[in-house]
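To find a chain, count down the sequence lines: A is the first, B the second, and so on, and within it residues start at 1.
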There are 2 protein chains.
Amino acid sequence: MSPRHSAEDAQRTRTAIVEVGTQQASIEGLDGLTIGRLANALGLSKAGVIGPFGSKETLQLEVLHEAVRIFIRRVWKAVANLPPGRSRLLAISEHWIDYLADCPLPGGCFITTASTEWDARDGPLRDAVAEAQRRWLDTLRADAEVAIRAGELPGDTDPAEVAFELNGIAMSLNQAIQLFRDDTAPDRARRSMARVLAAAEPQ
Amino acid sequence: MSPRHSAEDAQRTRTAIVEVGTQQASIEGLDGLTIGRLANALGLSKAGVIGPFGSKETLQLEVLHEAVRIFIRRVWKAVANLPPGRSRLLAISEHWIDYLADCPLPGGCFITTASTEWDARDGPLRDAVAEAQRRWLDTLRADAEVAIRAGELPGDTDPAEVAFELNGIAMSLNQAIQLFRDDTAPDRARRSMARVLAAAEPQ
DNA sequence: CCTACCGATCGGTAGG
DNA sequence: CCTACCGATCGGTAGG
């Protein structure tokens, strides 16, 4: 009740703002976030929402990073300790599809939405989105490289193409789920990803 | 100079508003369209911009349909007279990739942007986006069905999966071009689409 | 198709 | 973290 809050309280408020902001932005886009609606949803004043961040852009960047953390937690953490290679790419596929089919954010894949929202603009948000997407594609490509060297994928496979295709399947799945509410799509995506990751013929 | 305009003039103005609106919306999104900026870009008053349409939503719907017309003109018109089947799907792939690599709209593929922008919302715009995307996927699937029946694609191919995968590759390509400015991506997409459309082994 | 205007909301700040 | 406020802009309308 007192206006004198502890640093702990301030941190809790900050966290709550980012969490609710992530939910809202997954639906309305990062640019669709507004301080006023956020304040209303949280029972705070607008000054209370923007204060901890200084500007809307800083808040948007934090919201984006929170969405990336959620993705990593759901898709990467479970496989991070597996040895790199084809079997880990198959495990990633499973978790990725599960993440999209049972998404913790109401608007589906945040990075995909943010990517199409910012890909034709300039500035820190575009750069942050590009870097997050870049890192994920690099992660996939690195595993594909290991798989090719180990003979688990055909020797003439282009590792960047594996990342490119898996990413495309994930975006197509995200659209099927969000735009068409098609619950047969996860199985389709599973088959498609398995085809991209088809094992090399034994010599 | 006279405020008394012909119906022809009125039509010209309407067309100009939709055209400039399509350019702007391809960058800022359909929701990012504003009457004020549109009026400014066109040298009109806000009333002059919104008047012919009655509401922003009607204008947004017309902008969306204009973007669909542009896509059809660039990707579909050139192949519409070819016989359906695998070779037409390959021709579509070529035109689709060319369209994305040398896009008439500054923001890249409008439908992809509109899809992620509206897929988590309700209303006429979401419905219109879904219908446009649905029609295109159905077109691809119908050609895949013909190709499978003709033995041009493997007999166990799922035609909906062909449409799903081609669409995913196109979205991945759109991202590579717009977000990463990666001009090696069109070739990658060509290889990926060719793989999806690999001919059935001759019996 | 214009001017002039409406209430609502935007991001953000001053001062406590 | 609040109240009270800022100028700017939003979509839209009245009246010509």
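Of the listed nucleotides (C:dC2, D:dC10, C:dT13), C:dC2 has the atom at the smallest distance from the side chain of B:Ala47. Comparing C:dG11, D:dG11, C:dG12 by their closest approach to the side chain of A:Ile35 singles out C:dG11. For A:Leu44, the listed nucleotide lying nearest its side chain is D:dC1; candidates were D:dG11, C:dC1, D:dC1. In the set C:dG12, D:dC10, C:dG11, the nucleotide with an atom closest to the side chain of A:Ile50 is C:dG12.
Regarding A:Leu38, its CG atom lies at a distance of 13 Å from the P atom of D:dC1, rounded to whole Å. The nearest whole Å value for the distance from the NZ atom in A:Lys56 to the P atom in C:dG11 is 4 Å. As a whole-Å value, the separation of B:Asp9 CG from C:dC1 P is 7 Å. Summarising the geometry, the separation between CG on B:Asn40 and C1' on D:dA8 is reported as 14 Å, rounded to the nearest angstrom. Rounded to whole Å, the distance from CZ on A:Phe53 to P on D:dC1 is 10 Å. Rounded to a whole Å, the CG atom of A:Leu33 is 9 Å from the P atom of C:dG11.
Nearest-nucleotide mapping onto DNA chain C: of A:Gly51 and A:Arg37, the residue sitting toward the 5' end is A:Arg37.
Proximity of B:Ser45 to the phosphate of C:dC1: no side-chain N or O atom is located under 4.0 Å from OP1 or OP2.
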For B:Trp76 and B:Phe71: C-alpha separation, side-chain torsions, deciding distance, then whether ring-ring contact (aromatic ring centres under 6.0 Å, His included) applies. CA-CA 7 Å; B:Trp76 177 248; B:Phe71 179 86; 9.8 Å; no
Given salt bridge (charged side-chain N to carboxylate O under 4.0 Å, His left out), test B:Arg86 with B:Asp143 step by step and report yes or no. CA-CA 7 Å; B:Arg86 178 172 174 271; B:Asp143 263 31; over 6 Å; no
Trace of the salt bridge (charged side-chain N to carboxylate O under 4.0 Å, His left out) decision for B:Glu165 with A:Arg188: CA-CA 9 Å; B:Glu165 292 183 5; A:Arg188 222 194 309 285; over 6 Å; no
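Between B:Thr113 and A:Thr116, the shortest heavy-atom contact is CG2-O, 3.8 Å.
A donor and an acceptor atom sit less than 3.5 Å apart, one in the side chain of B:Lys46 and one in the base of D:dG11.
Searching all strands for a Watson-Crick or G-U wobble partner of C:dG16 with both distances below 3.5 Å returns D:dC1.
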